[in-house]
Amino acid sequence: MVGVNRQPLIAGNWKMNLDHLQAVAFVQKLDWSLKDAKHDAGTVEVAVFPPFTDLRTVQILLDQDKIEFALGAQDLSTHDSGAYTGEISGAFLKKLNASYVIIGHSERRDYHAETDEVVAAKVQAALKHGLVPVICVGETLEQREQSGPTAVSVGQLEVALEGVAAGAEIVVAYEPVWAIGTGQVASPEQAQEVCAALRAVVADKLGQDAADRTRILYGGSVKSGNIASFMREPDVDGALVGGASLLVDEFAAIIRYQKHVGV
Ligand code: PEP
């Protein structure tokens with residue numbers, strides 16, 4: 001069960017999928033599917049994280065059709081503006097009414113050599129521009145075997161929260177690298193263990209109030225068939241969903257997890 005004051009968050013990370021035309025069709029279908037099922041939008045916050053080139057189109061669609069999904073980006077620059085070819089400023093994302101930005105996804109850490117220090121600088125950039133950072137942490141299988149289930153994620157979050165104010169709004173996503181896109185999902189107990197340790201880091205760095213209100217997500221091969229088991233855990237407040245967020249019916253079923261038996 002999600003903590004009493006924390007609204008569950010189901011976030012769809014599209015990665016490098018769906019161009020801006022496909023994005024329109026997808027968002028409309030998802031909205032229709034949820035409305036057809038009489039989904040109560042107030043029960044769960046839904047956020048979509050399209051590629052940069054889709055953001056303006058999706059922003060206009062959400063606005064015009066009064067669709068209650070939050071908008072997020074998949075990354076941002078550590079800089080505000082200037083000679084940084086290919087980079088995107090948090091200020092630009094804010095102008096597009098983006099609420100969230102994913103920071104430190106394992107694919108950025110792996111393929112773009114993003115260190116914990118870069119992740120921390122991006123967290124600062126997001127907060128400076130009024131964006132809520134979705135801070136991703138997680139261990140590889142090798143790291144889990146070497147240092148246990150929590151050490152890597154705890155260490156990554158400690159660095160990411162350096163200099164963050166106690167009142168800042170952040171979201172944390174525990175994404176074990178071995179579970180991302182592999183179909184090898186963590187057990188609810190494994191997710192709970194790490195999410196609880198991450199909440200303790202938030203308490204230590206930002207105080208108990210922040211720990212009580214901060215949403216901590218699980219990510220890694222989440223599907224409609226397993227979401228409910230994660231959401232039963234006390235420290236799991238939602239999910240960051242990759243592959244399954246690209247399938248309208250599947251993502252709608254994940255969003256509607258409260259309708260699944262036993263939650
Ligand atoms: C992700 O990339 O954030 C993710 C969790 O992917 P998947 O759901 O496909 O494992």
Side-chain angles (χ1 to χ4, degrees), residues 8-18 22-23 26 30 44-52 54 69-76 98-114 119 122-123 126 131-141 143-144 149 152-153 156-157 160 170-188 190-192 194-195 198 215-231 233 235-257 260:
L9 172 60
I10 301 293
N13 174 15
W14 296 2
K15 312 193 188 195
M16 197 172 71
N17 295 293
L18 304 184
Q22 294 169 320
F26 179 86
L30 181 62
V44 175
E45 183 180 8
V46 177
V48 291
F49 292 77
F52 287 127
D54 299 6
F69 302 160
L71 186 60
Q74 296 175 18
D75 186 31
L76 86 173
S99 307
Y100 294 102
V101 59
I102 294 173
I103 296 176
H105 191 281
S106 67
E107 287 152 16
R108 301 286 321 167
R109 292 179 188 263
D110 276 5
Y111 307 148
H112 301 272
E114 285 193 9
V119 170
K122 290 189 172 189
V123 169
L131 301 161
V132 176
V134 179
I135 305 168
C136 299
V137 297
E139 80 291 352
T140 62
L141 213 45
Q143 288 169 327
R144 178 170 265 261
V152 169
S153 297
Q156 289 175 339
L157 187 60
I170 58 164
V171 171
V172 178
Y174 168 52
E175 298 212 303
V177 179
W178 46 271
I180 297 178
T182 59
Q184 195 191 337
V185 67
S187 69
Q190 285 174 319
Q192 166 58 26
V194 182
C195 289
L198 294 173
R215 289 172 299 176
I216 302 183
L217 316 181
Y218 167 75
S221 298
V222 168
K223 306 214 168 0
S224 60
N226 58 32
I227 180 69
S229 62
F230 291 108
M231 297 306 292
E233 298 295 336
D235 287 295
V236 178
D237 304 314
L240 183 53
V241 186
S245 77
L246 298 167
L247 308 169
V248 171
D249 292 341
E250 181 66 6
F251 194 51
I254 291 171
I255 292 165
R256 297 179 63 249
Y257 75 90
H260 304 191

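Atoms within each ligand, like the ligands themselves, are counted from 1 in listed order. Just so you know, these numbers use all the heavy atoms, side chains as well, and skip hydrogens, waters and symmetry mates.
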S.K.: Measure the spacing between CG of L217 and CE of M231 and express it to the nearest 0.5 Å.
M.R.: 8.5 Å

S.K.: Applying side chain to side chain donor-acceptor pair (under 3.5 Å), name anything that partners E45, two or more places apart in sequence or on another chain.
M.R.: Y100, R215

S.K.: Going by the side-chain hydrogen bond (donor to acceptor under 3.5 Å, both in side chains) test, name the single residue among R109, H105, K122 that passes it with E114.
M.R.: K122

S.K.: Around ligand 1, what residues show up once you keep those with a heavy atom under 4.0 Å from it?
M.R.: N13, K15, H105, E175, A179, I180, G181, G219, G220, S221, L240, V241, G242, G243

S.K.: Looking at Q143, E139, Q184, which one forms a side-chain hydrogen bond (donor to acceptor under 3.5 Å, both in side chains) with W178?
M.R.: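 Exactly one option meets the side-chain hydrogen bond (donor to acceptor under 3.5 Å, both in side chains) with W178, and it is E139.
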
S.K.: Does some side-chain heavy atom of F26 sit less than 4.5 Å from a side-chain heavy atom of W14?
M.R.: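 Yes. Closest side-chain heavy atoms under 4.5 Å.
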
S.K.: Side-chain contact test, heavy atoms from C-beta onward, threshold under 4.5 Å: evaluate it for I10 versus F251 and give yes or no.
M.R.: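 Result yes, sub-4.5 Å side-chain heavy-atom pair found.
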
